[in-house]
Enquirer: 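I'd like to ask you about the structure that follows.
Everything quoted here is computed from the prediction, not taken from an experiment.
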Amino acid sequence: MTPSSFQKTIYAIQHLAFEDLGSLEDLFYQLGYRVRYFEAGVDDLRQALEFKGLTIILGGPIGVYDHTDYPFLSAEIELLKKRLAQNLPTLGICLGAQLIAHALGARVYAGTQKEIGWSNLNLLPVADNPLQALQNTPVLHWHGDTFDLPAQATLLAGTELYSHQAFQVGHTILALQFHLEVAEEYLEKWLIGHHCELRQAQISIPALRADNQRYAATLEIQAKHIIQGFLEQISTSA
């Protein structure tokens, strides 16, 4: 694979309409990429998951084990297994990270409690940790499930609640349990769309909104550094 084979387009798989590429979308446009979305459960994901360039698998409220209620997950996971076996460029965010972990043979399961809100990551002392730009930068966590670390993966970050927050496999596969992509101006869509979950978990919506205003702008800057570094890794690994 040459850099030109993934330069033109980035594919993104959505599991929920308002959980999109967020702040990353403008970055991709600035770097000269096109972006094409695929809707899980509606679109055929074969094109996105067989794509030789970068495919990003985004978040959503369902779990990887919900295939009885959402049969499309079984096909998505099988396609993802084949993709990862070829080491094709793949970024997973939240549910996307859990899908990657599951496709690599690790267990994904309900955690002991919801982790929703802004907090720092504990970065692992890994050589050339691709998340180094997030040192002392709060990120948005929004999940109830967690995963075991795949055998072939390198752990990059954790938190006090969940030790497995990010991992990489080689230089082309990156899985992030947290939301790197959140954009300050669009979080209100999340607060509306996830109202029932927030109420059930007794999460303060005004506090989430205030923390978004406090931290999101800095995260957007650091996210650009991380994604540009990941794109460079993909290019040099081609």
Enquirer: Do T112 and T146 come close enough that some side-chain heavy atom pair is under 4.5 Å?
Expert: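 The answer is no, as the side chains (C-beta and beyond) never meet within the 4.5 Å cut-off.
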Enquirer: Heavy-atom distance under 4.5 Å between the side chains of T159 and Q177, does that happen here?
Expert: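 With C-beta onward as the side chain, the pair stays apart.
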Enquirer: To the nearest 0.5 Å, tell me how far I93 CD1 sits from F178 CZ.
Expert: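 The CZ atom of F178 is 8.5 Å from CD1 of I93, to the nearest 0.5 Å.
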Enquirer: Is there a side-chain contact between R83 and P89 in this structure, where contact means two heavy atoms from C-beta onward sitting under 4.5 Å apart?
Expert: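 In short, these two side chains touch, coming nearer than 4.5 Å.
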Enquirer: With a 4.0 Å cut-off, would you call K82 and E50 a salt bridge?
Expert: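 A salt bridge is absent here (no side-chain N lies under 4.0 Å from a carboxylate O).
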Enquirer: Do other residues, nucleotides or ligands put more than 12 heavy atoms under 6.0 Å from Y162 OH?
Expert: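 Count over threshold, so yes.
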Enquirer: Using a 3.5 Å distance criterion without hydrogens, assess whether the side chain of D66 forms a donor-acceptor pair with backbone atoms of G63.
Expert: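 Checking the backbone N and O of G63 against the side chain of D66, a donor-acceptor pair under 3.5 Å is found.
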Enquirer: Any side-chain to backbone donor/acceptor pair from R34 onto Y11? Under 3.5 Å, distance only.
Expert: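 The answer is no, because no donor-acceptor pair under 3.5 Å joins these two groups.
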Enquirer: A side-chain contact here means heavy atoms from C-beta on lying under 4.5 Å apart; do L49 and I57 qualify?
Expert: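 Result yes, sub-4.5 Å side-chain heavy-atom pair found.
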Enquirer: Does a side chain donor of either E160 or N122 reach within less than 3.5 Å of an acceptor in the other side chain?
Expert: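 Distance-only check passes for E160 and N122.
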Enquirer: Under a 3.5 Å cutoff, is there a donor and acceptor pairing between the side chains of Q233 and Q228?
Expert: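 Per modelled atom types, Q233 and Q228 side chains form no pair under 3.5 Å.
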Enquirer: When you compare the side chains of W142 and E197, does any donor N or O come within less than 3.5 Å of an acceptor on the partner?
Expert: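 Checked: W142/E197 side chains pair up, N/O donor to acceptor below 3.5 Å.
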Enquirer: Indicate whether any N or O donor in one side chain lies under 3.5 Å from an N or O acceptor in the other, for Q168 and T154.
Expert: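 Side chains of Q168 and T154: no pair found under 3.5 Å.
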Enquirer: Between CH2 of W118 and NE2 of H141, what distance do you get to the nearest 0.5 Å?
Expert: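 Rounded to the nearest 0.5 Å, the CH2-NE2 separation comes out at 9.5 Å.
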Enquirer: Looking only at non-hydrogen atoms, find the nearest pair between F72 and A40 and report the distance.
Expert: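 Taking F72 first and A40 second, the nearest heavy atoms are CE1-CB, 3.7 Å.
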Enquirer: Under a plain distance cut-off of 3.5 Å, with no hydrogens placed, do H194 and E19 share a side-chain donor-acceptor pair?
Expert: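 Yes, because at least one side-chain N or O of E19 sits under 3.5 Å from a partner of the opposite role on H194.
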Enquirer: Go through the side-chain N and O atoms of Y109 and D148 and say whether any donor and acceptor fall under 3.5 Å apart.
Expert: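 Checked: Y109/D148 side chains pair up, N/O donor to acceptor below 3.5 Å.
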Enquirer: Going by heavy atoms in the side chains, are L180 and L134 under 4.5 Å from each other?
Expert: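 Contact flag for L180/L134 side chains = yes.
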Enquirer: Closer than 3.5 angstrom, by distance alone: can the side chain of E39 be matched with the main-chain N or O of V42 as a donor-acceptor pair?
Expert: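 Here the side-chain-to-backbone pair does not exist.
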Enquirer: What I want to check is whether the side chains of D43 and Y37 have a donor and an acceptor closer together than 3.5 Å.
Expert: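 Per modelled atom types, D43 and Y37 side chains form no pair under 3.5 Å.
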Enquirer: If you measure only the distance, is there a donor-acceptor pair under 3.5 Å linking the side chains of H67 and E76?
Expert: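 Checked: H67/E76 side chains show no N/O donor-acceptor pair below 3.5 Å.
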Enquirer: Taking side chain as C-beta onward, heavy atoms only, is L176 less than 4.5 Å from C94?
Expert: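 No, too far: nothing below the 4.5 Å cut-off.
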Enquirer: Between F147 and F167, how do the two ring planes meet: parallel, tilted or perpendicular, split at 30° and 60°?
Expert: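 Because their plane-to-plane angle is over 60°, the rings of F147 and F167 count as perpendicular.
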Enquirer: Whether the side chain of H143 engages the backbone of D145 through a donor-acceptor N/O pair (distance < 3.5 Å, no angle test) should be reported.
Expert: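 Checked: pair present.
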Enquirer: Is the side chain of N136 donor-acceptor paired with the backbone N or O of N120 at a distance under 3.5 Å, no angle test?
Expert: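 The answer is no, because no donor-acceptor pair under 3.5 Å joins these two groups.
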Enquirer: Please check: side-chain N/O of E220 versus main-chain N/O of S23, any donor-acceptor pairing under 3.5 Å?
Expert: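 No: the side chain of E220 does not pair with the backbone of S23.
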Enquirer: Which pair of heavy atoms, one from I226 and one from A133, lies closest together, and at what distance?
Expert: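 Nearest pair, atom of I226 first, then A133: CG1-CB, 4.1 Å.
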Enquirer: Looking at I173, is its backbone amide N or carbonyl O close enough to the side chain of T90 to form a donor-acceptor pair, meaning the two atoms are under 3.5 Å apart?
Expert: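 No, the answer is negative, given that no donor and acceptor are paired below the 3.5 Å cut-off.
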